*Asks:* 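Have a look at this one.
Model, not experiment: these values are computed from the prediction. In what follows, chains are A, B, ... by sequence order, proteins preceding strands, each numbered from 1.
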There are 2 protein chains.
Amino acid sequence: MNAPQTQAELQESTRDRLLVAAREVFAEQGFKGATVREICRRAEVNVAAVNYHFNGKEALFMAALELEPIQNLIGSADETGSAEQRFARFIREFMLRVMNGGCSPHSQLIMRELLEPSPALDGIAREVLIPLHQHLTQLVRDIVGDGIPAEEVRRCVFSILGQCTYYRNSKEMNRLIYPELKYDEQEIEATARQITGFSLAGLRQLASR
Amino acid sequence: MNAPQTQAELQESTRDRLLVAAREVFAEQGFKGATVREICRRAEVNVAAVNYHFNGKEALFMAALELEPIQNLIGSADETGSAEQRFARFIREFMLRVMNGGCSPHSQLIMRELLEPSPALDGIAREVLIPLHQHLTQLVRDIVGDGIPAEEVRRCVFSILGQCTYYRNSKEMNRLIYPELKYDEQEIEATARQITGFSLAGLRQLASR
DNA sequence: TTGCAATTCAAACAAGCGTTTGATACGCTT
DNA sequence: AAGCGTATCAAACGCTTGTTTGAATTGCAA
């Protein structure tokens, strides 16, 4: 029974190849910029496959999103240690997933969605962004204590997420300004430490008021 | 001689109306998402006007960019006061221009370019982003002193710009998460204070090492 | 008024888009 | 081998895109 049954299971199925290619192209070009023909060319399948296996470009986009990886980041958070330690771990995990140095285009896709709303924005907000904000808000609250107004905590969450996403989103642009900059794992770790240290300084200042 | 000479000067010229509409639509939809027909519809001109007065969509985009306003932000910087005071003023000025609460779509357009590279990216980098980074780098350097390695200063600049751009770029998304959030002038000022305070804490920590 | 260049316009153009079609090939059961 | 549902394919569909065309209109000088 462990012998391959069908040709579809021998070689990676058309459907799966489509999903892989779709994530790449959508991440690079956005929903509008990506074309069905380019996706199919990269997946080496016929254009009609998109409408056969999914139901059009939009449904393919939804399927390509696969929100679980980012959801896992929040769900599987290590709850041990001090608030600051948990915060540092979270930033590191987040950055490793968000920068696509060896990482899947999932995050790139979702990050892109963050600023170029598409038909999938609602679902992403509900399943990823709101939990993300809630998780980060709790982490910040644990650090600054209960004496800080909610809107200040919210702004801190914005400041933290802003730093994280900037590195991802302006990669292309930064390459023009700092051509020598490489985004290897070492640089990502350094970036995570920078964001952690920078943010903790801001949070501690708030906590000490 | 102060009487209006031509009809073109009586009513706003076709060319100018095109530029205004183009800035709006490009800012809202990006270069790829914007359509010539939509721009012309809003400007109430014929579609052929784009290719008559400019030379196609791309040239219209370049003309619509008008980099001066952001360049002015750097050029006309008030150089009085301490480094921290200059930094605070800069963040406030920057945020007021970047959030389009009553502001022209110029900044929105340029900010959009920051993450959705278009044919104009090179020019923008040369004329706006590099001076912006240089200016901010100098401000940071003035605060942290000369003892800090250049790459750490660079990461600080990233952290600061990240905060500034996040508020702009994830406005749409944040409306889904915090529906009650309004981006009036008061909120923008509060945001600028948050970014300033948050960042200064991080910079002071670095300076004290 | 006449003439001329600049401007505007409706219409059409070729190219690209997402999607549909109908035929063909394949894998599996009977 | 025949039959059947699944999967693939080239081709075409209808639509939108940016751009071009050639005629009509306008503004101004002679």
Side-chain angles (χ1 to χ4, degrees), chain A residues 1-65 109 116 118-120, chain B residues 1-65 109 116 118-120:
Chain A
M1 257 316 208
N2 51 1
Q5 294 96 357
T6 69
Q7 188 197 352
E9 295 180 33
L10 253 175
Q11 63 167 41
E12 205 180 6
S13 77
T14 298
R15 199 191 136 91
D16 288 342
R17 288 216 312 284
L18 258 179
L19 279 173
V20 171
R23 281 190 205 102
E24 283 180 24
V25 180
F26 279 131
E28 287 170 19
Q29 318 269 2
F31 177 73
K32 211 162 189 169
T35 70
V36 170
R37 280 174 171 81
E38 166 67 11
I39 292 170
C40 292
R41 203 179 53 74
R42 247 188 250 199
E44 298 181 81
V45 303
N46 190 274
V47 280
V50 165
N51 288 277
Y52 179 77
H53 288 283
F54 304 88
N55 265 313
K57 182 186 183 182
E58 194 169 315
L60 172 61
F61 182 72
M62 302 289 196
L65 271 176
L109 228 168
E116 191 185 321
S118 84
Chain B
M1 261 310 210
N2 51 3
Q5 293 95 357
T6 70
Q7 187 196 351
E9 296 180 32
L10 252 175
Q11 63 168 41
E12 205 180 5
S13 77
T14 299
R15 200 190 134 91
D16 289 342
R17 288 215 312 284
L18 257 179
L19 279 173
V20 171
R23 279 195 267 276
E24 282 181 23
V25 179
F26 280 131
E28 289 170 18
Q29 319 269 4
F31 177 73
K32 214 162 189 169
T35 70
V36 170
R37 280 173 171 82
E38 165 68 11
I39 292 170
C40 292
R41 202 179 54 73
R42 250 191 248 194
E44 299 180 79
V45 304
N46 189 275
V47 279
V50 166
N51 287 278
Y52 178 77
H53 289 282
F54 304 88
N55 265 313
K57 182 185 183 183
E58 193 169 316
L60 172 60
F61 182 72
M62 302 290 196
L65 270 177
L109 226 168
E116 190 185 323
S118 84

*Asks:* Hey, what do you get for NZ (B/Lys32) to NZ (B/Lys57), rounding to the nearest 0.5 Å?
*Replies:* 9.0 Å
*Asks:* Find the bend of the helix from C/dT1-D/dA30 to C/dT30-D/dA1 as the angle between its two terminal axes (five pairs each), to the nearest 10°.
*Replies:* 20°
*Asks:* For the pair A/Phe31 and A/Phe26, name the ring-plane relationship: parallel under 30°, tilted 30 to 60°, perpendicular over 60°.
*Replies:* parallel
*Asks:* For B/His53 and C/dT8, give me the distance from atom NE2 to atom C1', rounded to whole Å.
*Replies:* 8 Å
*Asks:* Could you check how far CG of B/Asp16 sits from C1' of C/dT8, rounded to whole Å?
*Replies:* 16 Å
*Asks:* To the nearest Å, how far apart are A/Phe61 CZ and C/dT19 P?
*Replies:* 14 Å
*Asks:* What's the separation between atom NE2 in A/His53 and atom CG in A/Leu18, rounded to the nearest 0.5 Å?
*Replies:* 7.0 Å
*Asks:* Please enumerate all protein N or O atoms sitting under 3.5 Å from an N or O of nucleotides 9-11 of chain D, with distances to 0.1 Å.
*Replies:*
{"unit_1": "D/dC9", "atom_1": "OP2", "unit_2": "A/Asn46", "atom_2": "N", "d": "3.4"}
{"unit_1": "D/dA10", "atom_1": "OP2", "unit_2": "A/Asn46", "atom_2": "ND2", "d": "3.3"}
{"unit_1": "D/dA10", "atom_1": "N7", "unit_2": "A/Asn46", "atom_2": "ND2", "d": "3.1"}

*Asks:* Nearest 0.5 Å please: distance from the CZ atom of A/Arg41 over to the CD1 atom of A/Ile39.
*Replies:* 11.0 Å
*Asks:* Rounded to the nearest 0.5 Å, how far does CG of A/Leu60 lie from CG of A/Asn55?
*Replies:* 11.0 Å
*Asks:* Taking N or O atoms only and anything under 3.5 Å, show me the protein contacts with nucleotides 15-18 of chain D, one pair per line.
*Replies:*
{"unit_1": "D/dG18", "atom_1": "OP1", "unit_2": "B/Ala34", "atom_2": "O", "d": "3.3"}
{"unit_1": "D/dG18", "atom_1": "OP1", "unit_2": "B/Val36", "atom_2": "N", "d": "3.3"}
{"unit_1": "D/dG18", "atom_1": "OP1", "unit_2": "B/Lys57", "atom_2": "NZ", "d": "3.0"}
{"unit_1": "D/dG18", "atom_1": "OP2", "unit_2": "B/Val36", "atom_2": "N", "d": "2.9"}
{"unit_1": "D/dG18", "atom_1": "N7", "unit_2": "B/Arg37", "atom_2": "NH1", "d": "2.6"}
{"unit_1": "D/dG18", "atom_1": "O6", "unit_2": "B/Arg37", "atom_2": "NH2", "d": "2.9"}

*Asks:* Just how far is it from atom CG of A/Leu65 to atom CG of A/Leu19, taken to the nearest 0.5 Å?
*Replies:* 10.5 Å
*Asks:* For the CD atom of A/Glu28 and the CZ atom of A/Arg42, what is their distance to the nearest 0.5 Å?
*Replies:* 4.5 Å
*Asks:* I need the OH-P distance between B/Tyr52 and D/dA23, as an integer number of Å.
*Replies:* 17 Å
*Asks:* How close do A/Val36 and A/Val47 get, heavy atom to heavy atom, and via which atoms?
*Replies:* CG1-O, 4.3 Å
*Asks:* Can you measure A/Asn55 atom CG to C/dT20 atom C1' for me and round it to whole angstrom units?
*Replies:* 12 Å
*Asks:* Any side-chain N or O of A/Thr14 below 4.0 angstrom from OP1/OP2 of D/dT8?
*Replies:* yes
